[in-house]
Undergrad: 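Supplied in structure tokens, the structure appears directly below.
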Amino acid sequence: MTDPVTRWHRLAGDTVLLDGFHALKHALRFGAEVPVAVTADRAAALALAEELAPDVRDALAGLLTEVPYGTYTSFVPRPHPTAVAALAVRPSRESSLAKLAHTPRTTPVVVLDNPRNLGNAGAVIRLAAGFGATGVVTTGTVDPWHPTVVRGGAGLHFATTVERLTADELPPGPLFALDPEGDDIRGVKLPDDAVLAFGSERTGLSAELRARTDHLLSLPMRPQVSSYNLATSVAMTLYHWSFGASLQGRGELRDKPLRAGRRTITAPPAS
């Protein structure tokens, strides 16, 4: 068997860094291919798995190789408290694009328009995975698979679809963008195939994405409060969608036409 240090150095340039026990745990749960995993304390890592993630304990036992602490720290930007790190194979762009383009879609796609904060992007991916969103798309220069984003997402990139696209390449579906000038989101039923766009933390929506938007929405906010954190805005919007979807499933919502930037969108009838 190849020495894990040699294997790590051979694979590191073409794989995704899973930094910490929880990132590795989630990646394994959602089917990631993990060719190498190391820890500075194998017994402690497996005890943590026994306590928090018994479903992947056996997989971790077969994967984890103990290495000296100094070797472990040489693999990561900064040591994680669990002293666990691994490399995973990134899903192909072709497979991600196919999942994003597939219709009919039963859950929204989240779009981060030119995000700047890597930790915020990771938190959004974690939220999207928790809500079962179809995927998270970013525009701009930030790589959504950057190690800092993956760490912020706790490895839950593998629980959804994550890709970087241009505004012209966004998945199909009505585009709803969050903006202070938009209609109050509380009066709008978000369809399951919605594309939900959020602007940059500093500059808001780009002119290119705003021009493509079908409907501008705003979140309720007390006067004189300037803004919400990006992940908070996404969480509020996804909760609003999920709550509406649960009411729709119980037949408690009626058709409601939505005034759109370019056309009228009609909420689907209750089944």
Undergrad: Side chains of Thr237 and Leu217: closer than 4.5 Å at any heavy-atom pair?
TA: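 No, side chains not in contact.
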Undergrad: Under 4.5 Å between any side-chain heavy atoms of Met236 and Ile185, yes or no?
TA: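 A side-chain contact is absent here, since even the closest heavy-atom pair is not under 4.5 Å.
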Undergrad: Please tell me if the side chains of Pro191 and Phe176 come closer than 4.5 Å, counting only heavy atoms from C-beta onward.
TA: yes
Undergrad: Within the distance-only criterion (no hydrogens, no angle test), does the side chain of Thr160 pair as donor or acceptor with the backbone N or O of Thr134 below 3.5 angstrom?
TA: yes
Undergrad: From Asp58 CG over to Leu28 CG, what is the distance, rounded to the nearest 0.5 angstrom?
TA: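 Spacing of CG (Asp58) from CG (Leu28) equals 11.5 Å.
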Undergrad: Ignoring hydrogens and angles, tell me if any N or O in the side chain of Arg42 forms a donor-acceptor pair with the backbone of Ala61 under 3.5 Å.
TA: yes
Undergrad: Would you say Pro104 and Asp192 make side-chain contact, with heavy atoms under 4.5 Å?
TA: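 A side-chain contact is absent here, since even the closest heavy-atom pair is not under 4.5 Å.
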Undergrad: Give the minimum heavy-atom separation between Ala129 and Ala159, together with the two atoms involved.
TA: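 Where Ala129 meets Ala159 most closely, the heavy atoms are CB-CB, 3.8 Å.
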Undergrad: For Tyr228, I'd like to know if atom OH has over 12 heavy atoms of other residues, nucleotides or ligands within 6.0 Å.
TA: yes
Undergrad: Ignoring hydrogens and geometry beyond distance, is a side-chain donor-acceptor pair present between Asn114 and Ser200 at under 3.5 Å?
TA: no
Undergrad: Sorted by first residue and then second, give each ring-ring contact (aromatic ring centres under 6.0 Å, His included) pair with at least one member in residues 183-204; sequence neighbours left out.
TA: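 As it turns out, there is no ring-ring contact (aromatic ring centres under 6.0 Å, His included) pair with a partner in residues 183-204 once direct neighbours are skipped.
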Undergrad: Any sub-3.5 Å donor-acceptor pair from Asp214's side-chain atoms to Pro174's backbone N or O?
TA: no
Undergrad: Checking Thr39 side chain against Val84 main chain: does a donor-acceptor pair fall under 3.5 Å?
TA: no
Undergrad: When the ring planes of His26 and Phe30 are compared, do they come out parallel, tilted or perpendicular, using 30° and 60° as the limits?
TA: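 Geometry flag for Phe30 against His26: tilted rings.
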Undergrad: What's the shortest heavy-atom distance between Leu60 and Ala49, and which atoms?
TA: CD1-CB, 3.6 Å
Undergrad: Shortest non-hydrogen contact from Ala45 to Phe21?
TA: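 Minimum heavy-atom separation between Ala45 and Phe21: O-CE1, 3.8 Å.
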Undergrad: With rounding to the nearest 0.5 angstrom, report the OG to CG distance, Ser227 to Leu178.
TA: 12.5 Å
Undergrad: Leu165 and Leu100: side-chain contact (heavy atoms from CB on, under 4.5 Å), yes or no, with the steps?
TA: CA-CA 11 Å; Leu165 302 174; Leu100 291 170; 4.3 Å; yes
Undergrad: Between Asn120 and Ala231 (side chain of the first, backbone of the second, donor and acceptor by atom type, cut-off under 3.5 Å), is there such a pair?
TA: no
Undergrad: What are the two closest heavy atoms between Thr107 and Ala133, and how far apart are they?
TA: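 That would be OG1-C, 3.5 Å.
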Undergrad: Yes or no on side-chain contact (heavy atoms from CB on, under 4.5 Å) for Asp3 and His9, after CA distance, side-chain angles and deciding distance?
TA: CA-CA 10 Å; Asp3 169 60; His9 288 302; over 6 Å; no
Undergrad: Restricting to salt bridge (Lys or Arg N to Asp or Glu O under 4.0 Å), what partner residues turn up for Glu33, sequence neighbours left out?
TA: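 Result, salt bridge (Lys or Arg N to Asp or Glu O under 4.0 Å) vs Glu33: none returned.
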Undergrad: If every non-hydrogen atom of Gly119 is compared with every non-hydrogen atom of Thr148, which pair is closest and at what distance?
TA: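 In this case the closest contact between Gly119 and Thr148 is N-CG2, 4.5 Å.
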Undergrad: Side-chain contact test, heavy atoms from C-beta onward, threshold under 4.5 Å: evaluate it for Arg116 versus Thr141 and give yes or no.
TA: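 In contact.
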Undergrad: Is the side chain of Arg105 donor-acceptor paired with the backbone N or O of Asp193 at a distance under 3.5 Å, no angle test?
TA: yes
Undergrad: Name all pairs fulfilling the salt bridge (Lys or Arg N to Asp or Glu O under 4.0 Å) condition that reach into residues 121-144, sequence neighbours left out, sorted by first residue then second.
TA: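 Residue pairs passing salt bridge (Lys or Arg N to Asp or Glu O under 4.0 Å), neighbours aside: Arg90-Asp143.
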Undergrad: Which is it for Val16 and His157 under the side-chain contact (heavy atoms from CB on, under 4.5 Å) test, yes or no, and what are the steps along the way?
TA: CA-CA 10 Å; Val16 176; His157 284 58; over 6 Å; no
Undergrad: Linking I/L/V/M/F/W/Y whenever any side-chain heavy atoms sit under 4.5 Å apart, do Val89 and Ile125 land together?
TA: no
Undergrad: Taking side chain to side chain contact (heavy atoms under 4.5 Å, CB included) as the test, write out the residues that go with Leu52, two or more places apart.
TA: His22, Leu48
Undergrad: If you link ILVMFWY side chains whenever their heavy atoms are less than 4.5 Å apart, which other residues fall into the same cluster as Tyr72? By chain and number, please.
TA: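 Val5, Trp8, Leu11, Leu17, Val36, Val38, Val67, Tyr69, Phe75, Val76, Leu87, all in the cluster of Tyr72.
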Undergrad: Roughly how far apart are Leu97 CG and Glu163 CD, rounded to 0.5 Å?
TA: 5.5 Å
Undergrad: To the nearest 0.5 angstrom, please state how far the CD atom of Glu208 sits from the OG1 atom of Thr139.
TA: 8.0 Å
Undergrad: When you check the gap from the basic side-chain N to the acidic O, do Arg212 and Asp168 get nearer than 4.0 Å?
TA: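 Asp168 and Arg212: salt-bridged.
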Undergrad: To the nearest 0.5 Å, what is the distance between CG on Leu46 and CG on Leu64?
TA: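 One gets 6.0 Å once the value is rounded to the nearest 0.5 Å.
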Undergrad: Is it the case that the side chain of Arg29 and the backbone of Phe158 share a donor-acceptor pair, with hydrogens and angles ignored and the cut-off at 3.5 Å?
TA: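 Not confirmed, Arg29 side chain does not pair with Phe158 backbone.
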Undergrad: State which residues pass side chain to side chain contact (heavy atoms under 4.5 Å, CB included) with Ala177; sequence neighbours excluded, sorted by chain then number.
TA: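 With neighbours one apart ignored, the set is Ala197, Leu205, Leu209, Thr213, Leu216.
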Undergrad: If I compare all heavy atoms of Ser226 with all of Met221, which pair ends up nearest, and what's the gap?
TA: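 So the minimum-distance heavy-atom pair works out to O-CE, 3.8 Å.
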Undergrad: Any chance you could measure Thr82, atom OG1, to Leu24, atom CG, to the nearest 0.5 Å?
TA: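 The CG atom of Leu24 is 9.0 Å from OG1 of Thr82, to the nearest 0.5 Å.
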Undergrad: Could you check Val150 against Asp19 for side-chain contact (heavy atoms from CB on, under 4.5 Å), going step by step and ending with a plain yes or no?
TA: CA-CA 8 Å; Val150 176; Asp19 191 0; over 6 Å; no
